[in-house]
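In what follows, a structure is listed as structure tokens, so that the remarks can point back to it.
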There are 4 protein chains.
Amino acid sequence: MRTTSVGVFKLATRGPGDVSGLMDLIVSGAINPASILAVLGKTEGNGGVNDFTREYAVAALSTALAPKLGLTPHEVEQRIAFVMSGGTEGVLSPHITVFTRRQVETSPKGISGKRLSIGMAQTRDFLPEELGRSAQIAETAKAVKAAMADAGITDPIDVHFVQIKCPLLTSERVEAAAARGNKTATISSYSSMAYSRGASALGVAVALGEVTSDICDEDVLRRYDLFSKVASTSSGIELMHNVVIVLGNSETSASAFEIGHAVMNDAIDAAAVVSALQSVGLGANPQPGRELVNIFAKAEASPDGSVRGFRHTMLEDTDISSTRHARAAVGGLIAGLAGTGVVYVSGGAEHQGPAGGGPVAAISRLF
Amino acid sequence: MRTTSVGVFKLATRGPGDVSGLMDLIVSGAINPASILAVLGKTEGNGGVNDFTREYAVAALSTALAPKLGLTPHEVEQRIAFVMSGGTEGVLSPHITVFTRRQVETSPKGISGKRLSIGMAQTRDFLPEELGRSAQIAETAKAVKAAMADAGITDPIDVHFVQIKCPLLTSERVEAAAARGNKTATISSYSSMAYSRGASALGVAVALGEVTSDICDEDVLRRYDLFSKVASTSSGIELMHNVVIVLGNSETSASAFEIGHAVMNDAIDAAAVVSALQSVGLGANPQPGRELVNIFAKAEASPDGSVRGFRHTMLEDTDISSTRHARAAVGGLIAGLAGTGVVYVSGGAEHQGPAGGGPVAAISRLF
Amino acid sequence: MRTTSVGVFKLATRGPGDVSGLMDLIVSGAINPASILAVLGKTEGNGGVNDFTREYAVAALSTALAPKLGLTPHEVEQRIAFVMSGGTEGVLSPHITVFTRRQVETSPKGISGKRLSIGMAQTRDFLPEELGRSAQIAETAKAVKAAMADAGITDPIDVHFVQIKCPLLTSERVEAAAARGNKTATISSYSSMAYSRGASALGVAVALGEVTSDICDEDVLRRYDLFSKVASTSSGIELMHNVVIVLGNSETSASAFEIGHAVMNDAIDAAAVVSALQSVGLGANPQPGRELVNIFAKAEASPDGSVRGFRHTMLEDTDISSTRHARAAVGGLIAGLAGTGVVYVSGGAEHQGPAGGGPVAAISRLF
Amino acid sequence: MRTTSVGVFKLATRGPGDVSGLMDLIVSGAINPASILAVLGKTEGNGGVNDFTREYAVAALSTALAPKLGLTPHEVEQRIAFVMSGGTEGVLSPHITVFTRRQVETSPKGISGKRLSIGMAQTRDFLPEELGRSAQIAETAKAVKAAMADAGITDPIDVHFVQIKCPLLTSERVEAAAARGNKTATISSYSSMAYSRGASALGVAVALGEVTSDICDEDVLRRYDLFSKVASTSSGIELMHNVVIVLGNSETSASAFEIGHAVMNDAIDAAAVVSALQSVGLGANPQPGRELVNIFAKAEASPDGSVRGFRHTMLEDTDISSTRHARAAVGGLIAGLAGTGVVYVSGGAEHQGPAGGGPVAAISRLF
């Protein structure tokens with residue numbers, strides 16, 4: 001019995017403050033604002049600590065949606081999961097992907113197989129000293145399970161992408177911990193983004209049974225053999241808890257979309273990108289009646305300083321952060337294979353796929 | 001009758017000053033230093049005006065080769081064409097490709113078809129006010145024809161890559177022109193790199209008959225419908241003339257290598273990269289007895305601000321120059337399809353391929 | 001007879017979206033929102049084409065002020081002149097300076113001399129091809145005179161700072177001009193910021209009689225001997241006309257503030273900074289009953305590539321734009337002499353002061 | 001009895017490879033190459049891990065000096081202390097300062113007071129895991145004492161500047177330590193520069209009695225109340241030991257120069273710069289017969305994120321490293337007060353002066 005329907009809308013943006021694409025769809029009736037569950041966006045900042053395009057985009061969307069939903073902008077932010085990933089280096093093109101969900105009364109005919117489903121959950125607020133450590137891992141794992149239940153997914157094999165929004169440390173937060181006599185995992189804001197992303201990804205791995213051993217604080221950003229194949233985590237300054245969005249396929253979904261994934265073993269793993277496309281009927285010889293909606297991938301500079309045995313220079317560049325390098329390169333590869341730069345490639349893939357690699361998921365629309 | 005043999009050696013470097021790979025091959029006898037004609041390298045600077053890794057690499061190579069050749073370092077620089085392209089963004093890996101050429105007494109047996117050949121020529125020194133204008137175009141065209149003759153190539157169809165090293169403007173050079181009452185094409189050093197690259201590429205197009213109409217000063221960096229499909233030009237501060245290196249296939253060559261090329265129509269043209277690989281028997285189903293030596297490509301941010309209809313942000317990023325963005329993205333795509341980041345992707349493709357695209361050449365070794 | 005009173009409030013911000021300082025002063029009654037005429041801010045973006053912190057700050061302020069003024073955010077933007085200068089490099093600290101103006105019924109007693117006055121005016125919208133050329137110069141000059149009248153200032157000697165907000169070119173705007181068969185002054189967005197700033201500054205010079213000869217299109221960004229000693233111009237993507245704010249001293253003002261200025265002849269002109277401070281009774285031996293409110297200055301890399309005969313490297317750095325370098329350096333000097341990093345130092349001083357220098361104004365409060 | 005004479009020559013450079021200024025002085029006889037003890041330079045790279053201008057400058061100088069000294073370039077590097085500090089942000093101008101030392105047979109007449117003296121010493125090579133920890137501190141302290149003795153200085157009060165060149169970690173070095181089962185202080189190359197600079201500075205503080213308590217590993221980059229007032233440390237990839245240069249005044253010197261210093265308490269401490277100038281008879285009212293040779297200072301972004309109570313944004317900028325910001329700002333202030341951008345301002349002042357501040361030394365010539 002299919003009870004929910006999920007919609008996916010990819011909209012190009014003209015700037016971080018551009019909400020016109022979404023507003024047009026709402027005005028035309030194509031999107032019921034009350035059905036919006038999550039928005040994943042690529043904004044054109046640097047993706048680092050001082051990337052204000054993320055919060056600007058969220059502020060613009062919240063302000064624009066508020067009157068449509070009869071809420072304050074702040075309430076909109078509480079209700080909808082906005083995940084803005086900064087950095088559209090190279091050919092990447094700024095855009096947002098809007099996910100909607102609604103109940104369906106009667107199961108539509110002619111749908112076979114599992115279809116795209118989405119679920120959400122949140123952790124409690126973390127203390128600064130919990131970021132990048134086991135508390136963040138354990139709480140995230142609980143939230144992933146709750147989000148799976150919300151999505152109507154029971155088997156971890158049906159989970160293809162878990163997007164998490166997680167906090168980072170600021171000077172103030174580090175000081176607050178110190179005032180309580182506690183040390184944070186790092187005192188650098190930039191480094192804390194990696195710690196938070198890494199621990200959140202390990203939480204996904206725990207929830208999905210991808211890692212069975214116990215994980216301790218020291219493993220974060222060190223034991224890169226521990227990872228999730230479907231986790232995608234982004235850290236931002238605007239929250240102190242984790243927001244978890246599970247994307248997968250479910251029998252309960254009446255959606256027109258399917259999702260699949262593969263794992264890039266390194267930053268030049270073209271075969272994995274092709275495999276992700278093929279998993280939803282696309283690629284070199286696409287199935288008729290299918291089209292690409294979007295690709296979601298994580299990228300990082302391999303921490304050992306090399307790709308297939310040859311040195312890269314991303315980690316030793318003081319002018320451009322390694323996350324910007326990695327998004328540009330992996331974005332170039334995925335855009336080339338997908339035929340478009342309007343794809344979601346996000347940086348910082350600590351414990352998200354193997355070291356230097358990352359998950360790559362594809363959503364196709366069936367028509 | 002095959003009279004020359006060309007060798008191609010690709011060597012990873014540990015830094016811009018690292019000459020150990022080449023020295024090892026000379027010591028072992030694999031390379032006769034007297035046979036070295038040209039060195040094309042990727043160094044890890046920013047590829048911009050203040051990229052000193054290029055001149056450092058040239059200084060290190062010249063100093064190391066000097067005693068081997070019985071010349072001063074300065075004489076080595078005059079004799080061998082060193083083309084260092086700065087910028088190994090993303091997965092690109094610093095390396096040099098050494099081209100050697102020697103006469104063969106007797107034509108080896110068992111070689112069929114045209115094989116890799118290389119020729120060189122130089123223009124006269126330019127005045128600063130000639131850069132980016134018709135004088136540079138016309139002189140370059142003459143030098144391309146001379147280099148073809150040097151390579152034993154008569155038909156332009158056999159030319160697959162023309163690498164040119166060209167000058168740029170500095171504040172001093174702009175002032176020198178002004179002191180003579182002349183205006184340069186631009187007063188910005190950074191912009192002058194584009195002008196010089198563009199005019200040099202148009203010189204190749206004229207020489208090879210790719211452009212038949214007259215080209216005037218105003219066309220440079222404006223008429224992007226005028227371009228060469230095989231030109232690759234890099235500007236550097238260390239010279240005031242153009243050095244032209246023609247790579248193609250010739251019946252006169254007894255070399256173990258073949259070269260082919262394709263043209264990327266935009267920065268995500270995966271099909272063109274595959275086509276270039278296939279032109280030398282490589283790609284998804286490679287011919288037996290062949291292996292990739294290197295790929296040579298040019299990359300740029302499309303000047304109209306979009307790729308296949310969607311906006312890119314490379315030209316409006318004040319933090320990272322568009323050439324760095326473009327190298328990272330195109331480098332990611334080519335590395336993915338070639339299976340290695342040790343490829344030569346150079347930025348600034350003005351009039352080198354269509355706007356936003358660029359030439360891509362591949363060299364394979366037959367064994 | 002003193003008829004107007006001008007208030008100046010300097011408020012530190014915690015981020016480009018932080019409006020809490022201003023809102024607190026409105027709630028406490030210290031500022032009547034209806035009296036706000038202009039807001040000059042330093043935001044922490046890169047100050048370049050893709051600096052979205054400027055428009056984010058304006059959006060945040062407009063949205064916050066809208067309910068206080070009974071206007072829509074868009075109407076707030078039309079009513080109040082928001083000039084956000086991006087770039088708080090080095091020790092510069094993000095902040096806003098709020099200027100208020102109100103009519104006073106009775107001339108307060110005990111005020112002698114001229115006091116701080118403020119006036120505003122706008123030009124018509126410009127065509128893209130008018131930017132950086134004589135049309136922009138002439139229209140700006142008219143607006144400066146209108147703003148002087150609005151400020152109650154008749155003698156140019158009483159004008160100490162003219163802040164202008166001016167447009168820039170985008171790819172779309174360049175294309176729009178081309179579609180009409182017209183060439184813009186430049187096709188680069190980044191360069192267009194300099195052209196627009198330069199022409200606007202020359203408009204001030206014309207209005208104040210600082211330049212008496214005719215100025216033609218070719219003089220912009222070339223004849224650096226033509227300049228205004230009080231112009232400060234910032235270009236932004238969000239408008240197509242110039243907004244002119246004149247700050248000076250007037251007998252008609254009953255304000256508690258005074259403004260004065262000096263001209264930095266180069267980027268290390270400490271004496272000029274001291275002179276500006278002394279002009280309002282501050283400096284090493286301040287007059288009693290006076291305190292510094294803010295300093296407003298423009299900075300640039302000297303276009304000849306040197307400072308007092310020695311080479312600087314700002315114009316040849318491909319990693320950091322020269323405006324960021326110049327703000328950091330001049331900001332360091334001014335902050336050192338003023339004793340605080342909360343000063344307004346803005347980049348891009350084309351025709352604002354002599355080449356490589358710029359105007360520096362100081363406002364002191366008398367108590 | 002004055003037995004040694006020290007010379008100081010400041011030479012502008014046209015690029016990191018420019019040795020012409022020094023060669024000219026050698027050819028003219030002004031400098032005896034055998035007397036060169038140390039060269040402190042500012043080169044125009046980014047000052048970070050991938051700043052190759054430092055090693056390029058050293059290679060160029062060593063190669064040029066080799067035939068003059070009858071040594072190989074490598075032997076020149078062992079004999080002369082080359083300390084290249086990368087980063088000439090803002091108004092800073094690339095240059096080298098050459099220090100020479102020779103024995104004098106007879107004490108010149110008419111010299112009174114202590115004069116400039118210089119001494120050198122080296123530590124043993126460090127293991128990667130020793131960097132940033134107590135081993136580096138203790139060994140550095142020993143070397144400082146040896147260098148004082150070499151300079152003929154007995155009282156720490158006569159030491160005014162201790163320049164140290166120290167190693168950094170690379171991926172290879174981190175792995176080498178890991179292969180031995182040891183963890184390094186950090187796994188980031190960029191962070192390791194700070195650790196190495198910090199521990200080296202603490203070594204100076206220990207040697208000079210500026211810190212009397214025991215220092216443990218955890219204090220490095222944390223206990224910023226522990227610092228030296230005269231230490232200036234620069235990390236570079238090219239060595240694995242510390243090179244220590246002590247500059248001070250001594251009765252044994254017959255030099256025409258004097259050195260003095262002050263401590264900047266924060267990055268805008270103009271008074272300290274003035275005090276350093278006054279300590280050698282310079283400043284607003286200079287003593288007759290004296291002229292400035294150079295200023296040597298260290299700069300850093302204050303680790304608490306603020307300067308005199310107001311937030312700076314240097315530590316949260318993902319586009320520009322905080323060391324570049326700090327050099328630009330402090331360089332602007334010092335250049336303004338010294339009247340020239342040809343000053344030595346080096347970044348990364350961990351434990352060199354108080355947090356956010358740094359030492360500032362001045363050398364004047366008496367004539």
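In this text, all values refer to a predicted model and were calculated from it rather than measured experimentally. Chain letters run A, B, ... following the sequence lines, proteins first, then strands; residues in each count from 1.
A side-chain donor-acceptor contact under 3.5 Å links Thr53(A) to the backbone of Gly45(A). Under a 3.5 Å cut-off, the side chain of His95(A) and the backbone N or O of Ala12(A) do not form any donor-acceptor pair. In terms of modelled atom types and a separation under 3.5 Å, the side chain of Ser364(B) and the main chain of Val280(B) share a donor-acceptor contact. Judged purely by atom type and a 3.5 angstrom limit, Thr313(B) uses its side chain to pair as donor or acceptor with the backbone of Thr88(A). Judged purely by atom type and a 3.5 angstrom limit, Ser85(A) has no side-chain atom pairing as donor or acceptor with the backbone of Lys42(A).
Only the side chain of Asp319(A) comes within contact range of chain B, judged by heavy atoms closer than 4.5 Å. For Asp266(B), no part sits under 4.5 Å from any heavy atom of chain A, backbone or side chain. Both the backbone and the side chain of Glu89(B) come within less than 4.5 Å of a heavy atom of chain A. Residue contact with chain A, scored on non-hydrogen atoms closer than 4.5 Å, involves the side chain of Ile320(B) exclusively. Contacts between Arg308(B) and chain A at a heavy-atom distance below 4.5 Å involve the side chain alone, from C-beta outward.
Counted by atom type alone, Lys298(A) and Ser346(A) present one or more donor-acceptor pairs between their side chains at under 3.5 Å.
No more than 12 heavy-atom neighbours from other residues, nucleotides or ligands sit within 6.0 angstrom of CG on Asn285(A).
Across Pro94(A), Ala299(A), Ala326(A), Ala270(A), the residue that shares the most heavy-atom pairs under 4.5 angstrom with chain B is Pro94(A).
Proximity to chain B among residues 327-342 of chain A is limited to Ala328(A), Ala329(A), Gly332(A), Leu333(A), Ala335(A), Gly336(A), Leu337(A), Gly339(A), Thr340(A), Gly341(A), Val342(A), judged by heavy-atom separations below 4.5 angstrom.
The aromatic rings of Tyr344(A) and Phe161(A) lie perpendicular to each other, with more than 60° between the two planes, well past the 30° mark.
Atoms NE2 and OH, from His351(B) and Tyr224(B) in turn, are 5.5 Å apart once rounded to the nearest 0.5 Å.
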